[in-house]
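Each remark here refers to the structure printed beneath this line.
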Amino acid sequence: DAVATACEMKKKDVVKALASIAEIATAEVKKSGVFTLPGLCRIKTRKKPATKAGKKEIFGKVCVVKAKPARTIVKAFPVAALKKEF
């Protein structure tokens, strides 16, 4: 609603535009691993390595930890200009 009123557009058109941006961002992150929305944020992927099964001491208690496979994590980082606002 806020974007639609600020740009003097119909809500339906704004929703369609945002959906297409999300679609493009998803494709770009899958392809190259990085996507930047200028003035807003940067979306990156990172490989998280596999973990071995075993026993770990957590807060003084010994816990059995299951093995987990390696996976890709998606993170969003705010642009420097946005950080300076706060």
Side-chain angles (χ1 to χ4, degrees):
D1 288 340
V3 177
T5 53
C7 296
E8 297 176 1
M9 294 172 66
K10 290 183 181 175
K11 187 179 175 186
K12 188 174 91 175
D13 296 335
V14 173
V15 169
K16 205 180 284 186
L18 288 174
S20 69
I21 289 173
E23 201 174 289
I24 292 166
T26 304
E28 195 65 31
V29 167
K30 279 185 181 178
K31 187 175 79 175
S32 65
V34 149
F35 179 75
T36 305
L37 275 168
L40 191 63
C41 70
R42 180 175 211 160
I43 302 167
K44 289 184 184 178
T45 58
R46 151 176 124 71
K47 295 272 187 213
K48 198 164 187 181
T51 59
K52 293 181 179 179
K55 294 177 182 173
K56 284 188 180 176
E57 195 170 315
I58 304 166
F59 300 115
K61 287 186 174 182
V62 177
C63 295
V64 177
V65 180
K66 293 180 183 177
K68 292 182 183 174
R71 56 202 179 275
T72 303
I73 301 234
V74 180
K75 287 193 164 195
F77 300 95
V79 178
L82 186 64
K83 282 185 187 177
K84 287 178 185 174
E85 289 292 317
F86 294 97

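Values reported hereafter were calculated over all heavy atoms of this structure, with side chains retained and with hydrogens, waters and symmetry mates removed. In what follows, residues are counted from 1 in the order of the sequence shown.
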Exercise for the section: Begin with the C-alpha distance, continue with both residues' side-chain angles, and end with the deciding distance and a verdict on side chain to side chain contact (heavy atoms under 4.5 Å, CB included) for V29 and V34. Expected result: CA-CA 5 Å; V29 167; V34 149; over 6 Å; no
Problem - OG1-NZ distance between T51 and K68, expressed to the nearest 0.5 angstrom - result: 6.0 Å
Handout entry: Considering all heavy atoms, the nearest A2-T5 contact
Key = O-OG1, 3.0 Å
Practice task
Give a yes or no on whether the backbone of T72 and the side-chain of T45 come within a donor-acceptor separation of less than 3.5 Å.
Solution key: no
Practice task
Check for a donor-acceptor pair, side chain of S20 on one end and backbone N or O of A17 on the other, with a separation under 3.5 Å.
Solution key: yes
Handout entry: Euclidean distance, I43 CD1 relative to K75 NZ, rounded to 0.5 Å
Key = 14.0 Å
Problem - Nearest-0.5 Å distance that lies between atom CD1 in I73 and atom CZ in R46 - result: 6.0 Å
Handout entry: Evaluation steps, side chain to side chain contact (heavy atoms under 4.5 Å, CB included), between K55 and V65
Key = CA-CA 6 Å; K55 294 177 182 173; V65 180; over 6 Å; no
Handout entry: Cluster check I24, I21: I/L/V/M/F/W/Y, side chain < 4.5 angstrom
Key = yes
Practice task
Kindly compute the distance separating NZ (K16) from NZ (K10), expressed to the nearest 0.5 Å.
Solution key: 10.0 Å
Problem - Student check: side-chain heavy atoms of F77 and K44 closer than 4.5 Å - result: yes
Exercise for the section: State, yes or no, whether a side-chain contact exists between P78 and K83 at a heavy-atom distance under 4.5 Å. Expected result: yes
Handout entry: Reported NZ-to-CZ distance for the pair K48 and R71, which is rounded to 0.5 angstrom
Key = 5.0 Å
Problem - Pairwise distance CG(L82) to CG(L40) - rounded to 0.5 angstrom - result: 6.5 Å
Practice task
Consider only side-chain heavy atoms of I, L, V, M, F, W and Y, link residues closer than 4.5 Å, and tell whether M9 and L18 are in one cluster.
Solution key: yes
